[in-house]
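Report on the following structure.
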Amino acid sequence: YEFSNGCRTPPWRQVHGEICYLIIEPCDTEPLYITCSTAGVYLNGGITQDGEEKDYERKSDVFKDLDFAVQEEPTSTQKTEHVESVDAEEQGQTRRSYELQEKNVLEKARQQRVQNKPGGRKKSEPSLKWKNLGLASPYESVEDKKPKSHGVNNKAAEKQDKPLRKTTAGGHGAEDFSESSSESEEDEEQPERRPENNTDLPSEYWQIQKLVKYLKGGNQPATIIALCSMRDFNLGQETCQLAIRDVGGLEVLINLLDTEEVKCKIGSLKILKEISRNSQIRRAIADLGGLQTMVKILDSPDKELKCLAAETIANVAKFRRGRRTVRQHGGIKRLVELLDCVPDSATLTEEQERDVEVARCGALALWSCSKSTRNKEAIRKAGGIPLLARLLKSPHENMLIPVVGTLQECASETEGMIEDLVKNLSCDNQELQMHCASAIFKCAEDKSTRDLVRQFGGLKPLVILLKETENKQLLAATTGAIWKCSISMENVVKFQEYKALETLVSLLTRQPEEVLVNVVGALGECAQNPANRAVIRKWGGIEPLVDLLTGTNQALLVNVTKAIGACATETENMAIIDQLDGVRLLWSLLKNPNPDADDRLRRHLAEAIARCCMWGSNKVSFGEAGAVAPLVRYLRSKDALLLLAMMGSTDDVLQEAAAGCVANIRRLALANEKARYG
Amino acid sequence: MSEMSAMNRKIIQNLAETFSRQVKHFDKTETECLIRLFNGLLGDQSDRRAGNGLDRGKFRNILHKTFGMTDDMIMDRVFHAFDKDNDSYVSVKEWIEGLSVFLRGTLDEKIKYCFDVYDLNGDGHISREEMFHMLKNSLIRQPTEEDPDEGIKDLVEIALKKMDHDHDGRLSSVDFEKAVREENLLLEAFGTCLPDAKSILAFEQHAFQDPHEI
């Protein structure tokens, strides 16, 4: 079992730095039980007779690598035939694992052996032996994985590829063997032992290589048989995916796409679709010009072919260059054309059902492509939005998800989709609900959208979704939609009918920032309605808001200051704000502008402060709260100059706010004087 | 002459009436066209043997010219599949019935048809030897290969492994049907014996263009 950090040792051993365990069985001595750790390699106490207990204790010195550890064993030679790693969980059993550390460890050991020539040592045969045990497998991508703590990783990694290339060209492990010029008894022994050493992985590799050979040199029936057989491998497994790539399978599969034979194209795409889930394979396919070919296939009249091509493009276009390539070869337009179907009629003929499936695959591909800005534009230009909007009428989730996903990426206008988005807010599928809420979030900057959402009854489902607090993505999307919808007062009134404020206030704590920004934004808009300001206070919303003033997330700060500013117009709210030192926090934000702080933030800050200062005009409160002093102190301080500077700002609103702030402070000071001296 | 052609027309119409009812995929008009086409292909009507139908050579010519088939053995087997009564001629009835599957067959019909084509000795099973025979030339010979047949044998084993559900070392029609239902691509696993979409389109456009012209 491999843990997520790549270690195969149980956690209580990982703290000792142990990574994995190996059993090395040399031909001429006892098996060696070895621990690979961050400190190096050493012999451990082995496994007891019945295979139950593992003695983890270090029994030898720590060596830099395997070679030395084995050398130290007085009677061992480098003629080891069998290397197995012991899985910590299954102690009695051995399991062959081709996991990064041990590969590299062994690879390094191999290198060492080849280099070590002092007397008595044999030469290159051991290296071949290692290779033929299938240990030097390139399956895991050495380049992509970060080297674990074992020091030898990197160096060994580079050397990794070469031996296997050689094997590939040679074709057959056995041939390499027989060619190696070692002492005769070794030669005789090896072939017999090989069957024992063959495990699933190497045999898959050889079989795939064989099938690719048939693909290269076969006519249509032979190709079909080989393609169907290849699909029986576990194509989701990285080892198989990379095996296909490494034996030149990708070129062959892509070449098949260029032939006239529909069945071969279908068979090839079925495989490419599966293996292109792997990010390296995707890049390789793009490098080989596969995307261009697949885009061409979108023109085919054969619907099954179109579907497969679109689905494969959906996988390959999951990285930037891939998306660009699709666009550059006219893929966007063709994909949009696939969307043209009627998805919701009660009875669909078989042909229409096929069309719906084609549209679904097109939407999947467009979804992947729409992550790039230029592609969003291209989709819009190609008339994709109305077609996607029409597909929203489909009852099938596997159609709706990519459609709404794409719309979310591309749409800036409503174009009649609001009704469908609202409808799907109440569906059972959280992913779909999230996409719909996100789409509403994006579109509701526009007033007509906000009205439509209300008219189609979208406000209530949004409030209902607020209780899905476990799903943070959904929560962020929902609160975002509520925020933007709250810009319209009619919506705020409706939201309050559904007790949205109470729920929003409860979300002010223990939520991630992307949720908080929206929650506070919503509260800020709601607080434009005087009645709501008291509600916010009653439900304990003021304190968390002031707390948030200490944060650093600019977007959040903008919303918080806006919300506090709105709330501060209520006397009772102001009292709490001040008790919590809210005014000081606002000032310090103003004084120490973060280089990222934009005018917006400063404006809100000034407004908030201005509002706070207005409070001071209540004479009775002066005396009672004794809070005039701090405000007056502010006046006297040099900070007032900051306000003056802001009054000179070119931003009207900022100017006004700053001026208002100064005016209020001045009024406050005057009132203070009056109160004191009568 | 016009009398004769008028009579011919009537005969053809009657035949078309009968056949189109027996065959799933052609209506009366289309059947008429196919009959005319058949007559045209027969060539000189006065040839006595023409009365029996299309012989092997003429039929294979059509397969090659119109449908782009090239494999001699397969073309032979297609002829055999059309020639149900085994008299070495494809009669007009066999022509219509065969084309119905050939051009427009449902999956079920095509499965039966292909099995018929591949079951070389007609014993109800596709044996290893038969598969080998059909795939004999399906791989390009590598110059370095010691045993070029090894690849073919391997392909046969792969095909068997995939399709032989009752594990008796040969494919019964049930095995074949099951395999093709699971993976449609395997329908023509042992040889291309059905036309591709392009040829079908071209043939139909040509055949059904002008039904009332003699």
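It should be emphasised that the depicted structure is a prediction, and the values quoted were computed from it without experimental measurement. Lettering follows sequence order; numbering is per chain, from 1.
Using modelled atom types, one side-chain atom of Y113(B) and one backbone atom of C193(B) make a donor-acceptor pair closer than 3.5 Å.
Of the atoms belonging to L185(B), heavy atoms from both backbone and side chain fall under 4.5 Å from chain A. Of the two parts of L211(A), only the side chain, counted from C-beta on, holds a non-hydrogen atom closer than 4.5 Å to a non-hydrogen atom of chain B. Heavy atoms closer than 4.5 Å to chain A are found in the side chain of E183(B), but not in its backbone. Interface residue K198(B): only side-chain heavy atoms are found under 4.5 Å from chain A. For D302(A), no part sits under 4.5 Å from any heavy atom of chain B, backbone or side chain. Contact annotation for E261(A): neither backbone nor side-chain heavy atoms come within less than 4.5 Å of a heavy atom of chain B. Neither the backbone nor the side chain of A197(B) comes within less than 4.5 Å of any heavy atom of chain A.
Within the 6.0 Å centre-distance limit, the rings of F102(B) and F82(B) are counted as a close aromatic pair.
Taking 4.5 Å as the limit, some side-chain heavy atom of H165(B) sits within range of a side-chain heavy atom of E182(B).
Side chain to side chain, D196(B) and S199(B) meet the donor-acceptor criterion of an N or O pair below 3.5 Å. No hydrogens or angles considered: a donor-acceptor pair under 3.5 Å links the side chains of H25(B) and E109(B). Side-chain contact, D154(B) with Y214(A): a donor N or O sits under 3.5 Å from an acceptor N or O.
Counting heavy-atom pairs closer than 4.5 Å to chain B, the top-ranked of the candidates I225(A), I224(A), D232(A) is I225(A). When the candidates A222(A), G218(A), C228(A) are compared by the number of heavy-atom contacts under 4.5 Å with chain B, C228(A) comes out ahead.
Results of the side-chain contact (heavy atoms from CB on, under 4.5 Å) test with L250(A) over I281(A), N255(A), V212(A), I271(A) single out I281(A) as the only residue that passes.
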